[in-house]
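What follows is a single structure, written as structure tokens, with notes after it.
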Amino acid sequence: MSEEKNLDLFRALIHSFHLQTMMQLGKIHNPMTNKIERDLGQAEISIDMVEMLKNKTAGNLDESETRFIDAVLAELKLNYVNEKNKESAGASELPSQDSASSEENK
């Protein structure tokens with residue numbers, strides 16, 4: 001297999017993880033359901049898989065491939081943290097079970 005084809009396949013693989021993770025983060029719609037769906041647990045696994053690919057291919061990537069996978073990982077991690085922060089902020093805005101019960105008893 002030619003080096004150019006390998007480069008194209010590597011970029012396509014990383015790009016597919018990128019798109020999958022962005023769907024899992026709720027950043028883009030799922031083309032199968034045409035809905036925004038969010039699954040941060042699966043997004044974390046997808047990010048870990050890209051990280052594993054980076055680690056397993058270390059020393060075998062050229063400079064452009066390294067920059068590409070680093071850029072994808074940085075974008076995915078930033079978006080993941082952003083979504084986790086939204087989730088945490090939303091949870092803190094919900095009344096606790098104790099305060100909801102005491103409100104009902106008044």
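Contact annotation: the side chain of N30 never approaches that of K35 to less than 4.5 Å [non-hydrogen atoms, C-beta and beyond]. Under the 4.5 Å side-chain criterion, counting only non-hydrogen atoms from C-beta, R38 is in contact with E87. Considering only heavy atoms from C-beta on, K77 comes within 4.5 Å of E51 through its side chain. Looking only at side-chain heavy atoms (C-beta outward), L78 and N82 stay at 4.5 Å or farther from each other.
Ionic pairing of K27 and E83 is present here: one or more N-O contacts between side-chain nitrogen and carboxylate oxygen are shorter than 4.0 angstrom.
Remark: D39 pairs with no residue by the salt bridge (charged side-chain N to carboxylate O under 4.0 Å, His left out) rule, at least two apart or across chains.
Listed by chain and number, the hydrophobic cluster partners of I14 are F10, L13, F17, L19, M22, M23, L25, I28, L40, I45, I47, M49, V50, M52, L53, L61, F68, I69, V72, L73, L76, Y80, where partners are ILVMFWY side chains within reach of under 4.5 Å, directly or through others.
For the residue pair S16 and Q20, no side-chain donor N or O sits within less than 3.5 Å of a side-chain acceptor on the partner.
Of the possible donor and acceptor atoms, one in the side chain of N79 sits under 3.5 Å from a partner among the backbone N and O of E75. Checked by atom type and distance alone, the side chain of E65 pairs as donor or acceptor with a backbone atom of D62 at under 3.5 Å. With S2 contributing its side chain and K5 its backbone, the two residues share a donor-acceptor pair below 3.5 Å.
Counting heavy atoms of neighbouring residues, nucleotides and ligands inside a 6.0 Å radius, atom NE2 of H15 does not exceed 12 of them.
Between atom CD of residue E3 and atom CG of residue D8 there is a gap of 10.5 Å, rounded to the nearest 0.5 Å.
Between T21 and S46 the shortest heavy-atom distance is OG1-CB, 3.0 Å.
Within the structure, no pair that satisfies the salt bridge (Lys or Arg N to Asp or Glu O under 4.0 Å) test touches residues 9-18, not counting sequence neighbours.
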